[in-house]
S.K.: 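Here's a structure for you.
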Protein chains: 2
Amino acid sequence: MRHGGWCWKKHGFKECGLRKTQAREALIKLLSQTEGHLTAEEIFWKLKEVLPGIGLATVYRTLELLTQLGIIKKLDFQEGKARFEFIKQEERDHHHLICKVCGKIINYPPSEEYQVLKDLTQKIEQDFDFKVETLEIQAYGVCKDCKKP
Amino acid sequence: MRHGGWCWKKHGFKECGLRKTQAREALIKLLSQTEGHLTAEEIFWKLKEVLPGIGLATVYRTLELLTQLGIIKKLDFQEGKARFEFIKQEERDHHHLICKVCGKIINYPPSEEYQVLKDLTQKIEQDFDFKVETLEIQAYGVCKDCKKP
DNA sequence: GTCCGTGCAAAGTATTTGCAACGCC
DNA sequence: GGCGTTGCAAATACTTTGCACGGAC
């Protein structure tokens, strides 16, 4: 990838000299239709079903590209490997609940406690003169199902 | 490590059949006196100054052990490697501001917005019937110094 | 003396990179 | 046709593991 950062967010694929390829389209389609949070390897195997010739390196390169473009989001749940999710406009800036028992990852939409997060962001910016661009929140604990006796 | 999880949090070193060794003492001392957040390799080289014979594997094993014991905390700032910090009682459950420009990591004590976080936790537990054990918050953005013209 | 802990080297896992072939525009 | 993109294999980066020796209790 030899494009300057300025290009990614402001322009579409073509304007950046980027090409719409089978691999990229398939990956976007897959993630946009997936509820969960997939690892690179999971994505690789799912794409194999559609594009048997695809390589793992391409998956990694495409994931990096789409992350830079702001189309997908890279997530880290302390598993030693990254997970990825499509950024849907209607659920931007949601955060995650991770069950320590079964490993399930639950999306928590931000709408409900929006004011709380806004207050928190404002407080941080004031206290530290720090411009907050993204707030990442993970709650580790025990989910409904694993609490049962 | 062949000890059951029950042992770690409730008991001290000896009660678990754990031995107080030079490596462990030196690592605890180092982290407890360090303000920042060190990687395993940084810790390794710092310990080399005191214990020239120490191996990287021992550092990793000790870090894992102390994390299990709840003495230190493993952190992930999406750098492809973990960082570690000593858990000081007076600044438990603080979170982190990460500057995207210079990579600086700033500790943000929780005291100030304690009520906000308490509300957030309660809301999550209500909405999803999810028992929150730890809340991890990272704010990615631009720090004071990097905002300057 | 016993058994835990350590150093070393090797293995493991996730991710990145070099390069020639390929395929969009 | 030119140049971005891909697949493959090799390389890299971080972390873990096997094993025999050393050290704490």
S.K.: Would you mind reading off the distance between A/Glu64 atom CD and D/dT6 atom P, rounded to a whole angstrom?
M.R.: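 Between P of D/dT6 and CD of A/Glu64: 14 Å.
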S.K.: Quick one: B/Phe44 CZ to D/dT15 P, roughly how many Å, whole number?
M.R.: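 The distance from CZ of B/Phe44 to P of D/dT15 comes to 13 Å, rounded to the nearest Å.
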S.K.: Looking only at atom types and distance, does a side-chain atom of A/Glu125 sit under 3.5 Å from a main-chain N or O of A/Val132, one as donor and one as acceptor?
M.R.: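 Such a contact is found between A/Glu125 side chain and A/Val132 backbone.
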S.K.: Answer yes or no: does a side-chain N or O of B/Thr62 lie under 4.0 Å from OP1 or OP2 of C/dG5?
M.R.: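 For B/Thr62, the contact criterion (side-chain N or O under 4.0 Å from OP1 or OP2 of C/dG5) is not met.
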S.K.: Of the options C/dT6, C/dT15, C/dA14, whose atoms approach the side-chain atoms of A/Glu41 most closely?
M.R.: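 Of C/dT6, C/dT15, C/dA14, C/dA14 is nearest to the side chain of A/Glu41.
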S.K.: Could you give the NZ-to-C1' distance, from A/Lys20 to C/dG23, as a whole number of Å?
M.R.: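 A/Lys20 atom NZ is separated from C/dG23 atom C1' by 16 Å.
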S.K.: Can you find a donor-acceptor pair, distance only, under 3.5 Å between B/Arg61 side chain and C/dG7 base?
M.R.: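 Such a pair exists between side chain and base.
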S.K.: For the pair made of CG in A/Leu51 and P in D/dC8, what is the distance, rounded to whole Å?
M.R.: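 The answer, rounded to whole Å, is 12 Å.
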S.K.: Indicate, yes or no, whether a donor-acceptor pair under 3.5 Å links the base of C/dC25 to the side chain of A/Arg19.
M.R.: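 Check fails, no donor-acceptor contact within cut-off.
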S.K.: Would you tell me if any nitrogen or oxygen in the side chain of A/Thr58 comes within less than 4.0 Å of OP1 or OP2 on D/dT5?
M.R.: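 No, because none of the side-chain N or O atoms of A/Thr58 sits under 4.0 Å from OP1 or OP2 of D/dT5.
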S.K.: Starting at the 5' end of DNA chain D and moving along, which residue's nearest nucleotide shows up first, B/Ala57 or B/Glu79?
M.R.: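 Of the two residues, B/Glu79 wins.
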S.K.: How close or far is atom C1' of D/dT16 from atom NZ of B/Lys74, stated in whole angstroms?
M.R.: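 The answer, rounded to whole Å, is 11 Å.
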S.K.: Looking at B/Tyr60, does any N or O in its side chain come under 4.0 Å of the phosphate oxygens OP1/OP2 on D/dT16?
M.R.: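 Checking D/dT16 against B/Tyr60, no side-chain N or O comes under 4.0 Å of OP1 or OP2.
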S.K.: Counting the benzene-type ring for Trp, do A/Tyr108 and A/His95 have ring centres under 6.0 Å apart?
M.R.: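 Aromatic pair counts; centres sit under 6.0 Å.
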S.K.: Does either side chain, that of B/Glu85 or that of B/His37, offer a donor lying less than 3.5 Å from an acceptor on the other one?
M.R.: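 Yes, because at least one side-chain N or O of B/Glu85 sits under 3.5 Å from a partner of the opposite role on B/His37.
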S.K.: When you measure from the side chain of B/Gln126 to the backbone N and O of B/Lys123, does any donor-acceptor pair fall under 3.5 Å?
M.R.: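 No; judged by distance alone, with no hydrogens or angles, the pair does not exist.
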S.K.: Under a 4.5 Å cut-off applied to non-hydrogen side-chain atoms, are A/Thr58 and A/Arg61 in contact?
M.R.: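 Touching, per the 4.5 Å side-chain cut-off.
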S.K.: Atom CG of B/Leu63 and atom C1' of D/dT16: how far apart are they, to the nearest Å?
M.R.: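 The distance from CG of B/Leu63 to C1' of D/dT16 comes to 13 Å, rounded to the nearest Å.
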S.K.: Between atom CG in A/Leu56 and atom P in D/dA11, what is the gap in whole Å?
M.R.: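 After rounding, the reported distance stands at 17 Å.
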S.K.: Whole Å only: how far is the CD atom of A/Gln22 from the P atom of D/dG4?
M.R.: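 Taking atom P of D/dG4 as the reference, CD of A/Gln22 is at 20 Å.
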